[in-house]
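First the structure, in the form of structure tokens, and then the observations on it.
Since we're looking at a predicted model, the values are computed, not measured. Below, all heavy atoms of this structure are taken into account, side chains as well, without hydrogens, waters or symmetry copies. Throughout, a chain's letter reflects where its sequence line sits, starting with A, and its residues are numbered from 1.
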Number of protein chains: 2
Amino acid sequence: MRYADVAKAERIRIYDVARVAGVSVATASKALNDTGRMTEATRTRVKQTAAALGFRPNAMARALTKHRSFTVGLLTNDTYGRFTLPVMAGVSEALVDQGVSVFLCGIEDDAALGKVHVDAMLDKQVDGIIATGKRIDRRLPVDLSGLPMPVVYAFTEGPEDAITLVSDDAQGAREAVEWLVQAGRKNIVHVTGPETFVSVGERARAFRAVVGEAGRVLHGPWSEAWGHEAVGRLWSEAGDKPDAVFCGNDQIARGVVDALRERGIVVPDQVSVVGFDNWEIVSAATRPPLTSVDMNLKELGREAGRLILELAEGKPVEPGVRQLPCKLVVRQSCGGVRRSSDQQGGVLEEV
Amino acid sequence: MRYADVAKAERIRIYDVARVAGVSVATASKALNDTGRMTEATRTRVKQTAAALGFRPNAMARALTKHRSFTVGLLTNDTYGRFTLPVMAGVSEALVDQGVSVFLCGIEDDAALGKVHVDAMLDKQVDGIIATGKRIDRRLPVDLSGLPMPVVYAFTEGPEDAITLVSDDAQGAREAVEWLVQAGRKNIVHVTGPETFVSVGERARAFRAVVGEAGRVLHGPWSEAWGHEAVGRLWSEAGDKPDAVFCGNDQIARGVVDALRERGIVVPDQVSVVGFDNWEIVSAATRPPLTSVDMNLKELGREAGRLILELAEGKPVEPGVRQLPCKLVVRQSCGGVRRSSDQQGGVLEEV
DNA sequence: GTGAAAGCGCTAACAG
DNA sequence: CTGTTAGCGCTTTCAC
């Protein structure tokens, strides 16, 4: 006997519930969906027999009539998962208790694969699509406009009039730099990624807005090696050395911390270092652990889930770009007192 | 007008195709599904009009009659994503061209959440479930037995008679250690994770099988700090120092490499180091980049996808544990020549 | 070869 | 307040 047959044979339908409860199928349906009007007694009786029988409505049948599949598609080009994972977790979290399931659609940067996935979502009649990526200033290689279902863009660029969710890079950067200033640092430099990234520009601008337009910004790749090299460059120059480095991501920050240690410079006593992304695996393994800006990607995902649900239910949502706040997670690399309570000390479990 | 209404209004049904092609709905259905018998001419004509009209069959309706949703659930407790991500990517890859979509079900280690997701999958009538986790010797906090659909376990422990896919830790370890031996190393030690992990035991056994039963194995946490500490311990002892360290994961290996460098010991000239997991972010950032054992998790995911498909189609699959081979990815940390061709030099893109 | 008709399991008008 | 009836869009016997 095939699985499908077993399933068919054993599964109880609303018909069974109705029969046992002594009502018609229609009444049973209304009772279970809290619609229509009937005595509380009938409703309760139906619900109880349904529960007793272990009735689970067939989502396909329901979808067919309601034109709603209780399913959304999550489109992403971030195989690496660094940014997408928390977003996915948030989306899933926001939707699961509403009975909405999430289709995972990884498209790499392949337009053809993107089309395959979009077509599949069309066929499966998803109630909405959440597009997410690894860069706030890049679009996915698929056209999601004119689709017969709502779309929300999270951590990826969307069309002009779309609903887009991004992290507030400027605010995150500002908090980090202000924290350093409050800690008494006078000579702060910013070592960050390539200028071509919009977020790099935003963070740098926020940095300069706090320390003054003369604030020094060094651009390079997003790597530990670059953090290392930047320290080499800064500390080989004549004149005052920086007493704080605000980094564009945690990898650069780690490179900076390691390079400083190799030079015998003590972090955070002599130099404070702050990272960006709060990527646990990097920030926690650094010695000392990195203070870092967390982009709250999970919350961003949750918000995306909430929005797509509202849209699916036909509620109006104002289009435009929403910036969600970042938060500074304080560890030991910048001195000062811990401010944030959610230090995820996190033992990393592993095989 | 709501999205659902737009969708309903604009969507063309098989009825439209049939009308335009001048056949009955039944014939159209058969033509499009390559079933039934009819003239080639009719079949082609129907297919062409379907294509011209941009007909996309309604997956819900099809599922309702076929008792097959062309959907599988991917259950995971690995929020962190380290091991799950490649598995997910593989699963998705194997299924997408078969028109099968993947439901993402992240359950943390929460049994209640697990039940919610399993119930949702039951409702949505997934054709199968792939369970995956972060440890090969731990079960997910959900009972997947007796479900009316097939289940495949990938990188997580399943019941005795289940279909389970795991990496061949022993073979991976053996290849790594043999590589070190071939490179002329005589005094190899193994610095690895806690003894409580089954895979730790397997790798250690394989290690001893190659270097002899006297081979030294040090257990500790899965952290860089432990790698660091292990070097401190080994190099402060009297007697011969190791000329190679085989590590239980890349983080430990990185700790080892860093500690050696701090002692002025050159890797790989004086000491070779090999990691495990081939976690790009760690192995590539290490100086020098780590040679590491790759568990081929993506291939494992692909295989899981293939198997669940076969099961869903009613084909028989032999139960039992399948071990998939690991492969050694050679970088610079152990000397010798590059052997593997797929060095993913990988620039890590980031915001 | 082709089509009419009967569902798949559920919801929603519309009567009673 | 409850039940009858008519679909949702597609597949599948079974006649013609």
In short, salt bridge (Lys or Arg N to Asp or Glu O under 4.0 Å) pairs touching residues 16-33 of chain B with sequence neighbours left out are B:Arg13-B:Asp16, B:Asp16-B:Arg19

Contacts satisfying salt bridge (Lys or Arg N to Asp or Glu O under 4.0 Å) that involve residues 144-156 of chain A (not counting sequence neighbours) are none

Fill in: Five-pair end axes of the helix from C:dG1-D:dC16 to C:dG16-D:dC1, angle between them (10°)
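For the helix from C:dG1-D:dC16 to C:dG16-D:dC1, the axes at opposite ends meet at about 40°.
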
Expressed as a whole number of angstroms, how long is the span from [X]:[atom1] to [N]:[atom2]?
X: A:Met38; N: D:dG3; atom1: CE; atom2: C1'; result: 11 Å
X: A:Asp34; N: C:dT11; atom1: CG; atom2: C1'; result: 15 Å
X: A:Leu32; N: C:dG9; atom1: CG; atom2: P; result: 16 Å
X: A:Leu64; N: D:dG7; atom1: CG; atom2: P; result: 14 Å
X: A:Arg37; N: C:dG16; atom1: CZ; atom2: P; result: 18 Å
X: A:Arg68; N: C:dA12; atom1: CZ; atom2: P; result: 12 Å
X: B:Asp123; N: C:dC10; atom1: CG; atom2: C1'; result: 13 Å

Among residues at least two apart in sequence or on other chains, which ones pass ring-ring contact (aromatic ring centres under 6.0 Å, His included) with A:Phe103?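 A:Phe103 satisfies ring-ring contact (aromatic ring centres under 6.0 Å, His included) with B:Phe103 only.
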
Ignoring hydrogens and angles, write down the donor-acceptor pairs under 3.5 Å from the side chains of residues 139-150 of chain A, residues two or more places apart or on other chains.
{"from": "A:Arg139", "atom 1": "NE", "to": "A:Glu157", "atom 2": "OE2", "distance (Å)": "3.0"}
{"from": "A:Arg139", "atom 1": "NH2", "to": "A:Gly158", "atom 2": "O", "distance (Å)": "3.3"}
{"from": "A:Asp143", "atom 1": "OD1", "to": "A:Ser145", "atom 2": "N", "distance (Å)": "3.1"}
{"from": "A:Asp143", "atom 1": "OD1", "to": "A:Ser145", "atom 2": "OG", "distance (Å)": "2.7"}
{"from": "A:Asp143", "atom 1": "OD2", "to": "A:Ser145", "atom 2": "OG", "distance (Å)": "3.4"}

Worksheet item: Sequence neighbours excluded, which residues qualify as salt bridge (charged side-chain N to carboxylate O under 4.0 Å, His left out) partners of A:Arg322?
Response: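 Expected list: none.
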
Residue set satisfying salt bridge (charged side-chain N to carboxylate O under 4.0 Å, His left out) with A:Lys124, at least two apart, ordered chain then number -> none

Which of A:Leu300, A:Leu297, A:Val321 passes side chain to side chain contact (heavy atoms under 4.5 Å, CB included) with A:Leu165? It is A:Leu300

Hits for side chain to side chain donor-acceptor pair (under 3.5 Å) against B:Ser69, two or more places apart or cross-chain, chain-then-number order -> B:Asp127

Checklist line | Any B:Thr42 side-chain N or O less than 4.0 Å from OP1/OP2 of C:dG1 | finding: no

- Task: Would you mind checking if B:Glu299 and B:Arg306 are paired as a salt bridge, meaning a charged N to carboxylate O distance below 4.0 Å?
- Result: yes

The contact string for nucleotides 10-16 of chain D, one letter per nucleotide 5' to 3', using protein heavy atoms under 4.0 Å with B, S and - for base, sugar-phosphate only and none, comes out as BBB----

